[in-house]
Amino acid sequence: MTTRAPALRMGIVLVGEFSAGDIATARRTSKSMGDAPVVALAAADASASALRSAVERLDADWVCVVTGPAGLRLEGLVAATRALGASDAAAGLYSDTRVRDGGYEDGILRRPVLSPERLRCQYYLGPAVIYRREHLVATPLVEVATVYGYLYDAALRATLAKLEILHQTVPLVEQRGDREPLLGSSELDDVRELLLSYLGRSGGGEVRAVGADGVHDTRRRVVDEPLVSIVIPTRAVHVPTSTGPRCFVIDAVRDIVEHSTYTSLEFVIVADSVAEVEVIERLREIVGERLRLVSWDKPFNFSDKVNLGVVHARGEYVLILNDDVAVLTPGWIESMLALAQLPRAGMAGAMLYYEDDTIQHAGHAYFDDEASHIGLDRRRGDSGPLDGYRVEREVAGVTAACALMPRAVFFEAGGFTGLLPGNFNDVDLCMKVTYLGYDIYWTPHAELYHFESKTRNPTVHSFEVAVNWGRWGHRMHDPKYWPYPLDRQPLG
């Protein structure tokens with residue numbers, strides 16, 4: 001039996017280098033869907049105005065724009081028409097991409113759901129998008145001259161208007177290789193102008209660079225200079241290392257003071273009763289009146305120690321931080337704080353590296369009932385799937401080794417649960433934050449070393465598994481922002 005799509009008036013516009021065979025295939029696909037109109041724009045004729053004119057001439061309610069070379073797939077179009085036909089609110093749709101010779105086990109390049117903060121850093125929707133015709137017609141040509149700019153602008157305007165853009169896993173197209181063609185100077189000019197305009201209309205920011213590879217360095221700006229309370233739980237003692245005795249909290253605090261450009265800080269040190277007097281004195285010398293010392297005289301419980309520290313914090317924002325870190329990027333706090341100040345922001349996290357320059361954390365991933373860190377063991381400088389290690393983006397969660405959040409959100413979520421003293425407490429907090437409707441972000445522009453051993457094997461107690469999975473087992477597969485299997489399982 002032949003599969004046919006439900007009635008939906010959709011036109012198809014092919015833009016770029018398509019062979020006669022490609023165009024014929026598109027027309028056959030169109031015929032299978034009820035003779036949807038097909039327009040082909042050769043690369044030499046491709047421009048924003050030409051695409052706009054083609055869209056205006058189409059007798060259709062929806063328009064599928066394919067930038068070549070990429071071959072349309074009937075299965076994908078049928079799935080798209082069903083999804084769009086079933087939604088009254090949808091204004092558009094994009095999909096994963098089937099890739100030949102791309103190195104993927106199943107031949108699919110997976111894309112995240114629509115993510116506005118990631119979108120300002122990267123047009124990741126792929127070579128095929130579908131929009132309501134009226135949305136494309138309403139996208140102005142003032143700021144763009146190229147097809148790339150026009151489609152990018154249409155996506156950004158959709159996010160500004162809070163239009164629903166669907167993501168489907170059934171590929172609309174098949175392409176060879178997983179890299180898009182490099183952008184030319186005209187396309188880069190378009191991108192700079194439209195991103196400046198978008199940032200100006202969506203809370204502010206700056207465009208530091210636009211990349212020919214499609215990755216653009218845009219940053220949100222910090223509003224005012226709110227006090228950030230850095231909450232560090234620590235034993236505050238010297239420990240033996242291969243180079244002699246070392247006190248991690250002294251090194252971390254000194255490093256923050258000497259290498260950070262953000263200065264509206266206080267340091268809330270939650271120190272165990274075994275803390276060495278000379279360590280506390282040295283901390284006072286380093287930070288002076290910005291030190292708030294909180295005593296902890298109970299058995300180890302990371303969650304309760306942090307909660308106590310946040311209670312004593314005075315900042316509008318709290319930065320939960322392990323004591324075994326070192327700063328790599330001076331503007332690390334600003335990068336996270338700018339994201340934590342966004343409307344409905346719940347948390348922001350950083351890029352953490354092991355001492356051997358492999359990635360320890362590029363966000364949390366919850367996949368196939370497991371929790372892990374994105375990017376584990378990848379070399380520093382690795383781009384990641386779809387350049388995911390290079391762009392600011394929405395994530396399902398971030399590690400408590402370095403997490404910045406509004407203090408009010410911390411309390412609204414109930415802070416860390418004392419039922420998870422050592423493991424999964426950050427997973428639980430992230431789940432509570434997103435359950436409340438807040439967003440969590442990650443930035444590659446806040447880089448730190450985290451000296452936690454990558455081979456450590458802390459004991460995970462059965463009660464910790466029972467608590468976390470008992471609460472959140474139904475959400476432990478959440479691929480919407482990171483739709484890739486885990487690189488490896490965590491050791492703890």
Side-chain angles (χ1 to χ4, degrees), residues 114-122 156 159-160 162 195-208 216-231 256 260-268 290 306 309-310 313-321 327 329-352 361-364 391-413 415 426 429-430 432-448 481:
L114 192 69
S115 311
E117 292 305 305
R118 180 169 184 165
L119 189 62
R120 65 171 166 82
C121 302
Q122 176 190 36
L156 292 170
T159 66
L160 277 174
K162 302 189 183 305
L195 287 176
L196 284 170
S197 175
Y198 172 76
L199 290 169
R201 290 175 289 153
S202 63
E206 61 181 312
V207 180
R208 296 196 177 183
H216 314 302
D217 185 0
T218 68
R219 311 284 182 97
R220 295 294 187 182
R221 291 195 183 102
V222 174
V223 180
D224 300 324
E225 293 184 13
L227 179 65
V228 175
S229 300
I230 303 180
V231 179
I256 293 168
S260 302
T261 52
Y262 195 78
T263 58
S264 183
L265 302 171
E266 70 170 3
F267 293 82
V268 183
R290 293 187 294 174
V306 172
V310 175
R314 294 174 295 185
E316 182 181 353
Y317 294 86
V318 292
L319 172 52
I320 302 157
L321 193 68
V327 175
T329 49
W332 66 292
I333 294 176
E334 291 95 327
S335 294
M336 289 193 292
L337 179 57
L339 294 173
Q341 288 184 314
L342 290 172
R344 299 303 298 172
M347 303 175 76
M351 170 69 93
L352 303 182
H361 177 80
H364 271 176
V391 293
E392 294 188 332
R393 49 184 164 79
E394 291 82 347
V395 289
V398 292
T399 178
C402 181
L404 195 153
M405 62 190 301
R407 186 168 178 264
V409 173
F410 183 89
F411 285 126
E412 184 182 352
D426 49 5
L429 180 59
C430 291
K432 290 187 291 189
V433 166
T434 54
Y435 180 81
L436 291 170
Y438 294 101
D439 296 314
I440 302 178
Y441 302 103
W442 174 87
T443 175
H445 307 306
E447 296 177 284
L448 300 92
Y481 295 129

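Note that this is a predicted model, so its numbers are computed, not measured.
- With Lys432 contributing its side chain and Gly415 its backbone, the two residues share a donor-acceptor pair below 3.5 Å.
- Between Cys121 and Glu392, the closest side-chain pair of non-hydrogen atoms falls below 4.5 Å.
- Ion pair Arg220/Glu117 flagged as a salt bridge, since at least one NZ, NE, NH1 or NH2 atom sits closer than 4.0 Å to an Asp/Glu carboxylate oxygen.
- Taking each heavy atom of Gln341 and Tyr317 in turn, the nearest pair found is CG-OH, 3.2 Å.
- Arg120 places no side-chain N or O within 3.5 Å of a backbone atom of Tyr198 that could act as its donor or acceptor partner.
- Considering CZ of Arg407 and CD of Glu316, their distance stands at 10.5 Å, rounded to 0.5 Å.
- One finds the CG atom of Leu337 at 6.0 Å from the CG atom of Leu404 (value rounded to the nearest 0.5 Å).
- Between Thr159 and Leu119, the closest side-chain pair of non-hydrogen atoms falls below 4.5 Å.
- At a threshold of 4.5 Å between non-hydrogen side-chain atoms, the residues Leu339 and Trp442 do not count as touching.
- A donor-acceptor contact shorter than 3.5 Å links the side chain of Thr329 to the backbone of Glu447.
- Contact detail for Ser260 and Trp332: the closest heavy-atom pair is OG-NE1, 2.7 Å.
- Between Ile256 and Leu321, the closest side-chain pair of non-hydrogen atoms falls below 4.5 Å.
- Closest approach of Arg219 to Ser335, counting heavy atoms only: NH1-OG, 4.1 Å.
- A donor-acceptor pair under 3.5 Å links the side-chain atoms of Glu266 to the main chain of Arg314, judged by distance alone.
- Considering CZ of Arg221 and CD of Glu334, their distance stands at 13.0 Å, rounded to 0.5 Å.
- With values rounded to the nearest 0.5 angstrom, Leu160 atom CG is found 5.0 Å from Arg201 atom CZ.
- Under the 4.5 Å side-chain criterion, counting only non-hydrogen atoms from C-beta, Met405 is not in contact with Tyr438.
- Note that CD1 of Ile333 and OG1 of Thr261 are 7.5 Å apart. Values are rounded to the nearest 0.5 Å.
- The shortest distance between side-chain heavy atoms of Val398 and His361 falls below 4.5 Å.
- The heavy-atom pair separating Val395 from Gly363 by the smallest distance is CG1-CA, 4.5 Å.
- Atom CZ of Phe411 has more than 12 heavy atoms from other residues, nucleotides or ligands within 6.0 Å.
- Side-chain contact between Glu394 and Tyr441 is present, with at least one heavy-atom pair separated by less than 4.5 Å.
- Across all their heavy atoms, Leu199 and Gly205 have their closest contact at CD1-C, 3.9 Å.
- Side-chain contact check for Tyr481 versus Ile440: every heavy-atom pair is 4.5 Å or farther apart.
- Residues Pro226 and Ser264 share a closest heavy-atom pair of O-OG, 3.4 Å.
- Atom SG of Cys402 sits about 5.0 Å away from atom CG of Leu448, to the nearest 0.5 Å.
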